[in-house]
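Chain letters run A, B, ... following the sequence lines, proteins first, then strands; residues in each count from 1.
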2 protein chains.
Amino acid sequence: MTAEHTATLDDVARAAGVSRATASRVVTGQGPASQHSRDRVTAAVAALGYVPDASARALVTRTGTRLAIAVIGHTAAVLDDPYVGRVLTSAAHVAAEREVGVSLHWLPLHDPGSLARLADGRGLGGLVVVNPTRPALDTVPRSLRGRVAAVGVGTRHVPSFDVDNRSGTDGVVRHLVRSGRSRIAMVTGPSWLPCGDRAVEAYRKVLHDSGGEPRVVPGDFTAIRGAKAAIEIMARWPDTDAVFALSDLTALGVLDGLHALGVRVPGDVAVAGFDDITFAGLSRPGLTTSTHPVEEIAAAAARAVLDRRDTSGATFYPSALVVRDSA
Amino acid sequence: MTAEHTATLDDVARAAGVSRATASRVVTGQGPASQHSRDRVTAAVAALGYVPDASARALVTRTGTRLAIAVIGHTAAVLDDPYVGRVLTSAAHVAAEREVGVSLHWLPLHDPGSLARLADGRGLGGLVVVNPTRPALDTVPRSLRGRVAAVGVGTRHVPSFDVDNRSGTDGVVRHLVRSGRSRIAMVTGPSWLPCGDRAVEAYRKVLHDSGGEPRVVPGDFTAIRGAKAAIEIMARWPDTDAVFALSDLTALGVLDGLHALGVRVPGDVAVAGFDDITFAGLSRPGLTTSTHPVEEIAAAAARAVLDRRDTSGATFYPSALVVRDSA
DNA sequence: CCCACACATGGAAGCGCTTCCACCGCAATA
DNA sequence: TATTGCGGTGGAAGCGCTTCCATGTGTGGG
C-alpha cells in the first residue's frame, strides 16, 4: 500500500531468494534460468509490483529510452500533416505502456545525412521512419539494427507497415466505374514516395479493364495542391467525370477547386479520396473515400521497434471503401 | 570526424584538465566553479561535441527522461481530438531538442487518482496536463513539484498556458453583431472545463451590451454534439440568426446540423467557430473563426516543464478573428 | 602573524541495471 | 572411477553521471 520506495531488482531478487543476476535474466528473458527460479522471480515481480527502471537499463544496454518518429519531406511543414499527428499519437500511446517516450523529427528530403545524424546521438532507443525513401533507409547506422521500422513502403532490411494502397485504390476506382463514371482522373502522392506507385498501378489496371484511359496528375498530399490539380485536370480533360485523389486532404482541395470552377459534385464530377480522415465525413458533400488504419499501422511499427521483433518484410493493412455523397 | 566513441563527461574533464566533479558542476550549472575552469570546461564541451547522457543523468537524479502529456476527459477518445494531436506534436518537437521523449495518457475525468498513479512510476521527468480540472491538479504528487504545467486554465500552483478565450470570444461575437446579427446562440465546451467560463462570460457581456439575450447550449468540443446542438437551438429559438461554437469541430457539426435542417449558412444563420483548425478553411462555407496558437502554447508548457522554470501563474495567448464565408 | 572562514576542487560512492566470468553439481561419455 | 560437457547460478564490474565529503587554497579580521 504505502509503496513509498519503488521496488528495485534487488528487492525482487531478495524476495525470490535468488541473486540479482538471475532475477535480471528472468525479467529480461535473456539467458538461462531454471523453471523454479523463473517462477519464484515472476511471483516476486508481481507481488512487489516491480517495474524496471528504464533509465538504468538504457544506461547499461547503451540503448536509448526514446522512440524517434522521423518524417521525410521537403519542408518541416510535413510535421503538421494530420496523418503525422495520427501516427505520433498512436505511437506515443504504445510507447507510454513501455515507459518510453517518443520524439518527432523532420528529415529533409534532399539531405540524406540527416537520418544518420539523428540516430547518432545517444538516447535513441528506436526509430520509426514515416514515408521513407530508399536512400534514407540505407543511411540508418548499424547501431540501430533491429530497432527500425517503416510506416509506409520500406526496404527489405526493415519491417514496414502500410495500408494496402493497391486494393484500396482498386476498391475506390471500381466503385467509380460501377456508378457509371468512365473518364476518371487520379491525383497521386509525391513522386518520391514509393507507396504511390502501387496505387497508380491499381488505378491503371482498373481503367484498362474498363476501357478507360488513365489521366494522372501528380500531387503532394496537400489540399492546396488538390485545388490546383482539379483546375489542371478540368483544363486538360474537360470531359472528366470523376477524380480520385490518393489523400483525403487533397480530395478536399479538389472539391474546393471544382467548386471554384462551378463544377457540381457529384452531379458533374464525382470525387473520391483516400484515408477517411475525420473531416471526410464533415465536408460538403461528404467525401467518399477508403479507410486507412493509420493508428493500427503506427502502433504495429512502434511495437515492432520496441519489442525488437524480427518482423522484417512488409505488412499491409486492409483498406475499405466508405461511400458518402461525393461519389 | 570519425566520432565513433561519443564523448563522455570523463573525456570533457580530461580535456579541460579538471576533475569529473568540476566538469559536472559546470555543465549542470549547479555548485561553485571558478571562472577559469568554467571557461576550460565550456571550451572542451564545444570541442568534443559533448552531450550529456540523458539516461545516466536521469538514473542518478532520480528524474525521468520522459515528458508525459495527460489529457483529462470522459473517455479515451479525447486522445483522438485534433487539438490533442497538435499539442502532442508541438511538445514532441520541443522535447526532441532536449533529448527527451513524450508519452500520451488519458486521465478519466472521474478518477482523480489516475494522475497520481501516472506520476508515481519512475521515468517521468515532467507532466503537462491538458484541460486540467482543479481536483486533478491537486493530486499531483510533490515529487513532481516544479515539473508540471497546464495547457488550459490551471491552478495557482502550476504555470498554465492558454489562449485568451475571453478576448477571442469577444472578437467573434462582436463581429457577428457588427454584421447585423442579434439573436446569437453559443455552444460552449464541456461544463467541467474552467476555460469555457471566461468565454461564456465574454459572450454574455457582448450580448448584454448589444441588447441581445443569451442562448447557451452545452457542448463537448465534438462535431456530433455540434450537429445536435444546432437542432436543439433551432427548435428552442427558431429565430436564431447566428451560432457561435467554442470549437471549430463543433462549429463544423453545427454547419452539418443546420444543413440537415435546410437552414442556409450564412444566409439564414451565421456560424462561427473557435480554433482555426486546418479544416476551417476547407469546409463549405469556409468557417469564420478565431485563431488558437495551440502549438505555441504547447511549446511554452513543454519548455516550462523541461526547464523547471518557476513560471507559476497563467499566461494567455492572443486569439485573432479570421473571417471566412460562414459569418 | 595566525586563525577562521569562505570558496574551489578532486576522490569516491552509488543510482539500478545488465553481463562477463568463474564456479558448481550433475548426467553422459570414456 | 576419472573425465568432459553443460545448464544454472552468484559475484563483481561497470555503464555515465551527480553529489557528499574531505581536502586544499586564498582572503579578511583579530
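Residue A:L59 contributes atom CG, which lies 12 Å from atom P of C:dG16 at whole-angstrom precision. Remark: P of C:dC21 and CZ of A:R20 are 18 Å apart, rounded to the nearest angstrom. One atom, CZ of A:R14, and another, P of C:dC17, lie 12 Å apart when rounded to the nearest Å. Rounded to whole Å, the distance from NE2 on A:H36 to C1' on D:dT9 is 13 Å. At whole-Å resolution of the value, CZ in A:R25 and C1' in D:dA12 are 13 Å apart. Between B:R57 atom CZ and D:dC15 atom C1' the separation is 16 Å, expressed in whole Å. At whole-Å resolution of the value, CZ in B:R38 and C1' in C:dT9 are 13 Å apart. Remark: P of C:dT18 and CG of A:D53 are 10 Å apart, rounded to the nearest angstrom.
In this structure, B:T22 reaches the C:dG10 phosphate: one of its side-chain N or O atoms is under 4.0 Å from OP1 or OP2. The phosphate of D:dC17 has OP1 or OP2 within less than 4.0 Å of a side-chain N or O from B:T8. Taking only side-chain nitrogens and oxygens, A:S37 comes nearer than 4.0 Å to OP1 or OP2 of D:dT9.
At a threshold of 4.0 angstrom between heavy atoms, the contacts of B:S55 with the nucleic acid are absent. Using a 4.0 Å heavy-atom criterion, one finds that A:S34 contacts the sugar-phosphate atoms exclusively.
Ring-plane geometry between A:H74 and A:W192 is classed as perpendicular, the angle between the planes exceeding 60 degrees on a 0 to 90 degree scale with a lower cut at 30. Using cut-offs of 30° and 60° for the angle between ring planes, the A:H292 and A:Y83 rings count as tilted.
In this structure a side-chain-to-backbone donor-acceptor pair under 3.5 Å is present from A:D53 to A:S55.
Contact record, B:R147 with B:G125: NH1-O, 2.9 Å, taken as the closest heavy-atom pair. Across every non-hydrogen atom of A:L193 and A:P132, the tightest pair is CD2-O, 4.5 Å.
In this structure, of D:dC15, D:dT18, C:dT19, it is D:dT18 that holds the atom nearest to the side chain of B:L9. Distances were taken from every side-chain heavy atom of B:A21 (C-beta onward) to each of C:dG10, D:dT18, C:dA8; the shortest belongs to C:dG10.
Toward the 5' end of DNA chain C, the nearer of the two residues B:A33 and B:A56, judged by each one's closest nucleotide, is B:A33. Residue whose closest nucleotide on DNA chain C sits further toward the 5' end, between A:T28 and B:S19: B:S19.
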